[in-house]
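Data block below; observations after.
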Number of protein chains: 2
Amino acid sequence: MAATSRDVAREAGVSQATVSRVLTAGTPVSEKTRARVMDAMTRIGYVPNRAARTMKTGRTGTIGVVVADLGNPFYPQLLEALSRSLDASDHRMTVWVSDGGKNQAALDAIREGTVDGVIFTTVTEHSHELARALEQRSPLVLVNRTVEGADCDQVSSANRQGAGLIADYLVAHGRTRTAFIGGTPLASTTAQRLGGFSDRLARLGHPLPDELVAHGAYTHESGCRTAARLLRLNPDINALVCSNDLLAFAALDTAKAAGIRVPEDLWVIGYDDIQQASWQSLNLTTVRQDVAQLAAEATRLLLARLDDPDRPAIRVELEPTLVVRASSAFAPA
Amino acid sequence: MAATSRDVAREAGVSQATVSRVLTAGTPVSEKTRARVMDAMTRIGYVPNRAARTMKTGRTGTIGVVVADLGNPFYPQLLEALSRSLDASDHRMTVWVSDGGKNQAALDAIREGTVDGVIFTTVTEHSHELARALEQRSPLVLVNRTVEGADCDQVSSANRQGAGLIADYLVAHGRTRTAFIGGTPLASTTAQRLGGFSDRLARLGHPLPDELVAHGAYTHESGCRTAARLLRLNPDINALVCSNDLLAFAALDTAKAAGIRVPEDLWVIGYDDIQQASWQSLNLTTVRQDVAQLAAEATRLLLARLDDPDRPAIRVELEPTLVVRASSAFAPA
DNA sequence: CTGAAAGCGCTTACAG
DNA sequence: CTGAAAGCGCTTACAG
């Protein structure tokens, strides 16, 4: 049905090998031949077959991306950025939406030659699959969530530092009765943001008591429940720090439902600066991550590894910035 | 590096063909042989090579999905649902995030054998590429946005009907000074929702004047500008109907910024019922689409077409429902 | 610069 | 039930 390089060869009056050479940059072909072949190609509408090419070259030109949850708008934004940077380097993107179980599917895809490598956005600590994949030296990079000590390329926001900015900001404005709402502590983002926040608070003389730290799922609903419980048990807290914007929106909703005024009675701070954070109805103070750069670095590192499997693993941390909006007050310190 | 079926054959003491047969369901292999081969496979960690399989079978096991914009949470939800239904039928998903130009990339992928077929979520009218792809009988299905008269499988919400529900609801509660904010009229969703709304209004005796219909981009920012202009030029309108939830959130923001009370002064209605619509801070009356079913139907139709390229094209419309929340008042009529 | 040929790793008639 | 062999459509040494 579809035309092959052999059809083009016949049409152009050259050998099949010459057709192939015309397609491969940097191969010597005379201008006259090249023109004749190109002409024949467009005439019969030839498109080279990927599978055949993959068999010879060992490269699929496709990269896998694993995402846990598209319900948190941060991930669609990251996915879109990854799509852009992969596209810029002429790669296709195969996506797995994980809810946990699909990490293995992505790793299998490397072994069966469906993708050249995988970008994990939502890996958790103690991942068995990850450990096995690293043993097999599968080309992969962790972005956003990272794993301490894992021997692979990793890219993330400098989460401890970003959370430190929040602590500085709150203390500078006397909002020291704080609580923290996180997702699972197995996610490095929550672990590092909580750690950075709590450490900095302690250094500033306002240690964060354990009972003012709560963990839940990364959903609006769970965030609402967690916030409600914290606020009920600790009616005196005046700032709620959340490990991401999605949870912070839930905190805003909960405060509103409880008749707690934001920012007068309570400041709410998120992390990520997703698009919704700047909407008038939400208007969230948060820490911005540069998603485009996160994606660009992840792509760059993975492609570099494909070219050189033996290069040393690199850990990239991007500088976060505090973005002050109406869920808190005053300019940043 | 990676083990091949030949390696397995050597290990198991059988021919390479027998190894292949063990992998192919419904091929006669004796139990004893099968066991020996399976054993050898796990021993050397064999995974069949996809590209080789694709060359022989002509099937990649991968479906392409084209999405225009992950900034509208409806699309991540649809993408997640598609991921689920494709996964259930044992297919991988390659994603193109389009901003317009990537439709062709997805169609090329069919021709070069990277994907077996493509699901378009955001096709617009008068798409040249689509027309050419249909001529070449490329296996594809349109979901969400459709094209009148295109000879391919299509799945969408019954948009005219859904928008009619809104008109009924508004008129039943005396909110008849209405305006409409849409995205591009080249998107069937906007065209059909506007059409269904306006027709039903007219039939109920409250025709919608042209100057109360505005089109813009499908972004929060554009929605804000459009809503602000409409509300400034027509301070007497008491209901704003938007062609999707994203635009409705923008309308809510704009009303809030202008000191217009919702729902006392103005009702705001969206379409899609994305997750955010039920958040307390947004709390949007809207028309629900069943995203999971949208995805399931699209997947079913595409896979059916791959099995039988000559089956007649089908048009599926899913029943929408009105969901009343705090951006309007009273129970539905 | 170009052609003839090998081979990537599978599936699947064709014999037996 | 099993093996030997052809072939899917390319890329790339090897000659010339």
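A, B, ... follow the sequence lines: proteins, then strands. Residue 1 opens every chain.
Close to D:dC1, at under 4.0 Å from its OP1 or OP2, lies no side-chain N or O of B:T33. Distances shown here put every side-chain N or O of A:T27 at or beyond 4.0 Å from the OP1 or OP2 atom of D:dT12. Using a 4.0 Å cut-off, some side-chain N or O of A:S15 falls inside it from OP1 or OP2 of C:dG3. Side-chain nitrogen and oxygen atoms of B:T18 include none within less than 4.0 Å of the OP1 or OP2 phosphate oxygen of D:dT2.
Taking a cutoff of 4.0 Å between a charged side-chain nitrogen and a carboxylate oxygen, B:E31 and B:R34 qualify as a salt bridge. A salt bridge is absent between A:R92 and A:D116: the closest approach of a Lys/Arg side-chain nitrogen to an acidic carboxylate oxygen does not fall below 4.0 angstrom. Ion pairing between B:D307 and B:R59 holds under the 4.0 Å rule for side-chain N and carboxylate O. For the pair B:R300 and B:E297, the salt-bridge criterion is met [side-chain N within less than 4.0 Å of a carboxylate O]. Salt bridge absent: A:D87 and A:R84 never bring a charged side-chain N and a carboxylate O closer than 4.0 Å.
Counting only heavy atoms from C-beta on, B:K56 has its side chain closest to C:dG9 among C:dG9, C:dA5, C:dT2. Taking every side-chain heavy atom of A:R53 into account, D:dC10 is the closest of D:dC10, C:dC1, D:dT2. Set against C:dC14, D:dT12, C:dC10, the side chain of A:R21 has D:dT12 as its closest nucleotide. In this structure, of D:dC10, C:dT11, D:dT11, it is D:dT11 that holds the atom nearest to the side chain of A:S20. Residue A:A17 places its side chain closer to D:dT12 than to any other of D:dT12, D:dG3, C:dT2. Checking C:dG3, C:dT2, C:dC10 against every side-chain atom of B:P48, the shortest atom distance belongs to C:dC10.
Base pairing of D:dA13: no nucleotide in any strand meets the Watson-Crick or G-U wobble criterion (both distances under 3.5 Å). Both distances falling under 3.5 Å, in either a Watson-Crick or a G-U wobble arrangement, occur for no nucleotide opposite D:dA4.
The distance from atom CD of B:Q16 to atom C1' of D:dT2 is 13 Å, rounded to the nearest whole Å. Rounded to an integer number of Å, the gap from A:M41 CE to D:dG9 C1' is 13 Å. Atom pair B:N49:CG and C:dC8:P shows a separation of 12 Å (rounding to whole Å applied). Rounded to whole Å, the distance from CZ on A:R6 to C1' on D:dC8 is 11 Å. Distance CG (A:L23) to P (D:dT11): 6 Å, rounded to an integer number of Å. Put simply, CE on B:M55 is 15 Å from C1' on C:dT12, counting in whole angstrom units. Counting to the nearest Å, the C1' atom of D:dC8 and the CD atom of B:E112 are 17 Å from each other. In this structure, the CZ atom of A:R59 is 24 Å from the P atom of D:dG9, given to the nearest Å.
Distance check: A:I119 CD1 to A:T94 OG1 gives 11.5 Å after rounding to the nearest 0.5 Å.
Nucleic acid contact for A:V14: sugar-phosphate only, since backbone atoms but no base atoms lie under 4.0 Å from a heavy atom of the residue.
Judged by atom type and distance alone, B:R50 does not reach the base of C:dG9 through any side-chain donor-acceptor pair under 3.5 Å.
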